[in-house]
Amino acid sequence: MRIHYCYSVICYLLMRLFGRKKLTALLLVLCGVAAVTAVWVLDQVCAALAPPPPLVQDLSHFRRNRSLAHYLDNVQLLIEPSSTHCSGVEEVPLIAVVPTSPSRYDHRAVVRETWGKHQPTYFLLGIDGYHVDENLVTTYLEAKQYGDLIVYDFRDHYQNLTLKTALLLQWTLERCPQAKLLYKIDDDVFLNPWRLKEVLKDHEDAKLLGYKVSNVGLHRDEYNKC
Ligand SMILES: *[C@@H]1O[C@H](CO)[C@@H](O)[C@H](O)[C@H]1NC(C)=O
Ligand SMILES: *[C@@H]1O[C@H](CO)[C@@H](O)[C@H](O)[C@H]1NC(C)=O
């Protein structure tokens, strides 16, 4: 009885304060907020209880042995230039090795036609995961024609970029140890060879040159490749 009485008094006071119409509107808004909150809470509870969603991508390769030596031991060199700018030369100031992939023929063509003419330039790639035989033939023909392809026996995939980079270092060390500098440059980057020469002249003693990116956070979004 007392509680009832109490509610009546509160109702009466609210009605005096807002008037009947406003009070109804207020109660409706409160009901709406309560309903949305309830749905949100229910959603959180269900999410906490539900089993984890299936993995969007196959992550098994991340569980492999990540030792670089182990990584490289298992990859065979398939195609390489029969002779390079380094063969029989005592010192090579700079060679550029471009990580690329089988389907990016057009990119390589542009590099060959432009900045690639101005310093020794080689392309390193793996094998396409699809239509392997067909792609190998195309790659072989391209290698024969231009003599600048280095092809290793691994699946050319974005997630194998570390492998590609390690192979790039390994190939250069083995085949062109006399190179003073190795330039790793993507196939979609336009290089100004004259400016590069100036920069190198200004940093003659540098062991490593590059652009330092600082104050950046981690990208946790699995679809963000940055
Ligand atoms: C990973 O490979 C390296 C080099 O082959 C080897 O020494 C090491 O024991 C391996 N680690 C595991 C966990 O298999
Ligand atoms: C990377 O290359 C290895 C060797 O060919 C292959 O087994 C692996 O599946 C490749 N990774 C991806 C993500 O394709």
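Order of appearance sets the numbers: ligands from 1, and atoms from 1 within every ligand.
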Does Arg155 approach ligand 2 within less than 4.0 angstrom via side chain, backbone, both or neither, non-hydrogen atoms only?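 Contact part for Arg155 vs ligand 2: both backbone and side chain.
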
Suppose I only count heavy atoms of Gln159 and a 4.0 Å limit; which atoms of ligand 2 are within that range?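 The atoms of ligand 2 under 4.0 Å from a heavy atom of Gln159 are 13 (C).
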
Enumerated ligand 2 atoms positioned under 4.0 Å from heavy atoms of Asn160: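 Near Asn160, the atoms of ligand 2 are 1 (C), 2 (O), 3 (C), 8 (C), 10 (C), 11 (N), 12 (C).
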
Please, which pairs that meet salt bridge (Lys or Arg N to Asp or Glu O under 4.0 Å) have at least one residue in residues 134-152, sequence neighbours excluded?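 As it turns out, the salt bridge (Lys or Arg N to Asp or Glu O under 4.0 Å) pairs with a partner in residues 134-152, which skip direct neighbours, are Arg108-Glu142, Arg112-Glu142, Arg112-Asp148.
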
Purely on distance, is any nitrogen or oxygen of Asp153 under 3.5 Å from one on ligand 2?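 By distance alone, the answer is no.
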
Can you say whether the rings of Tyr146 and Tyr105 are parallel (under 30°), tilted (30 to 60°) or perpendicular (over 60°)?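 Because their plane-to-plane angle lies in the 30° to 60° range, the rings of Tyr146 and Tyr105 count as tilted.
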
Could you walk me through whether Asp128 and Arg155 pass the salt bridge (Lys or Arg N to Asp or Glu O under 4.0 Å) check? CA-CA 6 Å; Asp128 213 302; Arg155 186 171 163 227; over 6 Å; no

For Arg195, what residues pass the side-chain hydrogen bond (donor to acceptor under 3.5 Å, both in side chains) criterion, not counting sequence neighbours?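 Checked Arg195 against side-chain hydrogen bond (donor to acceptor under 3.5 Å, both in side chains); matches are Glu198.
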
